[in-house]
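Comments concern the structure below.
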Amino acid sequence: MAVRAYLKPRSPAEALALIEGDERAALVGGGAYLRLASRGYETAVDLCEAGLDYLREESEALRIGAMVTYRRLETDPAARNYCGGLLARCVGNIVGVQVRNIVTVGGTVAGRYAFANLTTALLALGADVVLERGGRKPLEQFLADKALVRDVLVEVVVPAVPQRGAWQDLTRVRADFAVLNAAAVRRGDAVRIAVGARPGAARLAFAAMAAAGAGDASGAGAAAAAELDFGDDLRASAAYRRRVCGTLVARAVEEVLA
Ligand SMILES: Cc1cc2nc3c(=O)[nH]c(=O)nc-3n(C[C@H](O)[C@H](O)[C@H](O)COP(=O)(O)OP(=O)(O)OC[C@H]3O[C@@H](n4cnc5c(N)ncnc54)[C@H](O)[C@@H]3O)c2cc1C
């Protein structure tokens with residue numbers, strides 16, 4: 001990635017002002033994914049000094065600043081102990097510690113990467129995103145929004161109520177993208193289930209959630225496999241993913257119901 005100017009704004013508002021109306025400017029989180037791109041940018045707007053490197057435990061929520069790294073999700077007690085370790089579990093096998101020390105929550109969510117384990121887990125958790133211009137909205141709505149307005153993702157907010165979480169993914173070899181990933185989160189009798197890397201973007205599985213809420217783990221797996229769309233790519237066929245989905249969702253639901 002070649003850049004002509006490298007800027008470090010001191011706040012998300014300053015960062016937004018730098019990118020607004022300038023298609024040649026790119027926000028930089030960890031920069032790990034941007035670096036893989038062949039295109040260059042006139043201006044790189046690095047968020048490393050914008051005050052977004054925080055984890056705040058509040059009575060109602062855990063607020064995760066956009067510049068929090070995957071490694072911090074694994075090591076900071078506030079994140080590591082959250083919801084049965086779901087945040088730490090979903091990122092813990094991604095590449096290696098060096099990469100997880102760099103890549104950020106904000107870069108992952110804002111990048112809308114369909115393969116991203118973290119996005120699937122956040123969807124199951126019922127997370128909201130906070131955007132500098134767009135304000136707070138459910139992650140589900142943010143991911144569905146096709147109008148890609150340039151904005152700065154400030155933080156992700158996950159509910160702090162007692163929850164049980166389970167993570168499942170299947171990779172062909174260690175450090176590869178998942179063939180499929182799935183998360184289940186229980187709050188009382190309700191279970192939220194998200195499935196990603198289908199290879200399309202993460203989606204909630206509503207029929208599966210109804211079956212899980214009735215205590216039927218294998219029914220939830222079958223329902224998720226039936227209701228979601230799957231596709232072919234170099235990692236797996238749609239038919240294989242559908243079968244894997246049934247198994248991974250059933251295992252995740254069994255774990256949160258146990
Ligand atoms: C080699 C490699 C292997 C990987 N393997 C996996 C894997 O197996 N599973 C998996 O789930 N993930 C994987 N990832 C993805 C990784 O975990 C991150 O999702 C990815 O690197 C993006 O995070 P980043 O901080 O590097 O973002 P960047 O590269 O900095 O940015 C990504 C995009 O988001 C924009 N952006 C960054 N921050 C913000 C913000 N705060 N607000 C608005 N826009 C923003 C940037 O402009 C850019 O368009 C892999 C990444 C790498 C480099």
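The basis for the numbers below is simple: all heavy atoms, side chains too, and nothing from hydrogens, waters or symmetry mates. Remember, it's 1-based here, ligands and their atoms both numbered in the order they're listed. All residue numbers in this chain count up from 1 along the given sequence.
Taking both residues in full, the closest heavy atoms of R187 and L125 are given as NH2-O, 3.9 Å, listed atom of the first, atom of the second, then distance. Across all non-hydrogen atoms, the minimal contact from G165 to C83 is N-SG, 3.5 Å. Nearest heavy-atom pair, L27 versus A15, reported as atom, atom and distance to 0.1 Å: CD2-CB, 4.2 Å. Taking all atoms of both residues into account, the shortest heavy-atom contact from N101 to T69 is O-CG2, 3.3 Å. The nearest pair of heavy atoms linking D53 to R72 is OD1-NH1, 2.9 Å. Across all their heavy atoms, L131 and V154 have their closest contact at C-CG2, 4.1 Å.
Between the choices A44, P12, G111, G107, the shortest heavy-atom distance to atom 23 (O) of ligand 1 belongs to G107. Relative to atom 21 (O) of ligand 1, the option among I19, I102, V103 with the closest non-hydrogen atom is V103. Of the listed options V68, T108, V91, T108 places a heavy atom closest to atom 18 (C) of ligand 1. Selection from I94, V109, T119 by nearest heavy atom to atom 10 (C) of ligand 1 gives I94. Taking only non-hydrogen atoms, the option from Y70, Y33, Y41, F177 nearest to atom 17 (O) of ligand 1 is Y70.
In this structure, the separation between OG1 on T120 and CH2 on W167 is 5.0 Å, given to the nearest 0.5 Å. Rounding to the nearest 0.5 Å places CZ of R150 at 9.5 Å from CZ of R133. Within the model, atoms CD of E14 and CD of E132 stand 11.0 Å from one another, a figure rounded to the nearest 0.5 Å. Here CG of D176 is found 4.0 Å from CZ of R235. Values are rounded to the nearest 0.5 Å.
When heavy-atom distances to ligand 1 are checked against a 4.0 Å cut-off, L27 comes that close through both its backbone and its side chain. Contacts between V95 and ligand 1 below 4.0 angstrom, taking non-hydrogen atoms only, involve the side chain exclusively. Under 4.0 angstrom from ligand 1, there are no non-hydrogen atoms of V154. Proximity of F115 to ligand 1, defined as any heavy-atom pair under 4.0 Å, is shared by backbone and side chain alike. Within the 4.0 Å heavy-atom criterion, the part of D151 lying near ligand 1 is the backbone and not the side chain.
Considering backbone and side-chain atoms alike, G29 places an N or O below 3.5 Å from some N or O of ligand 1. In terms of N/O distances under 3.5 Å, ligand 1 is approached by A32. Not a single N or O atom of V99, backbone or side chain, sits closer than 3.5 Å to an N or O atom of ligand 1. For the pair L47 and ligand 1, the shortest N or O to N or O distance does not fall below 3.5 Å.
Sorted by first then second residue, the ring pair (Phe, Tyr, Trp, His ring centres under 6.0 Å) pairs that include residues 67-116, not counting sequence neighbours, are Y33-Y113, Y33-F115, Y113-F115, F115-F177.
A salt bridge between E74 and R71 is present, with a side-chain N of the basic residue lying under 4.0 Å from a carboxylate O of the acidic one. R112 has no carboxylate O lying under 4.0 Å from a charged side-chain N of D145, or vice versa, which leaves the two without a salt bridge.
Protein heavy atom nearest atom 49 (O) of ligand 1, with residue, atom name and distance: L34 CD2, 4.2 Å. Among all non-hydrogen protein atoms, the one lying nearest atom 42 (N) of ligand 1 is L153 N, 2.8 Å. At the top of the distance list for atom 24 (P) of ligand 1, counting protein heavy atoms only, stands G30 N, 3.7 Å. The single protein non-hydrogen atom nearest to atom 11 (O) of ligand 1 is N117 N, 2.9 Å, given as residue, atom name and distance. Protein heavy atom in closest approach to atom 28 (P) of ligand 1: G31 N, 3.6 Å.
Listed by atom number, the atoms of ligand 1 under 4.0 Å from D176 heavy atoms are 8 (O). Listed by number with element, the atoms of ligand 1 under 4.0 Å from a non-hydrogen atom of V152 are 42 (N). For ligand 1, the atoms sitting less than 4.0 Å from at least one non-hydrogen atom of A110 are 42 (N), 43 (C), 44 (N), 45 (C), numbered in the order shown with element in parentheses. The Y113 neighbourhood of ligand 1 comprises atoms 19 (O), 22 (C), 32 (C), 33 (C), with distances under 4.0 Å to a heavy atom of that residue. Interface of A66 with ligand 1, defined as ligand atoms under 4.0 Å from a residue heavy atom, comprises 41 (N). Counting the atoms of ligand 1 from 1 in the order shown, those under 4.0 Å from a heavy atom of A116 are 11 (O).
In the hydrophobic clustering of ILVMFWY residues, with side-chain heavy atoms under 4.5 Å counting as a link, V129 and V103 come out together.
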Check: residues 191-212 side-chain donor-acceptor pairs under 3.5 Å, at least two apart:
unit_1: R192; atom_1: NE; unit_2: L123; atom_2: O; d: 3.3
unit_1: R192; atom_1: NE; unit_2: A124; atom_2: O; d: 3.3
unit_1: R192; atom_1: NH2; unit_2: L123; atom_2: O; d: 2.8
unit_1: R198; atom_1: NE; unit_2: A201; atom_2: O; d: 3.0
unit_1: R198; atom_1: NH1; unit_2: D229; atom_2: O; d: 2.5
unit_1: R198; atom_1: NH2; unit_2: A201; atom_2: O; d: 2.7

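Look at N93 and you'll find every heavy atom at least 4.0 Å from all atoms of ligand 1.
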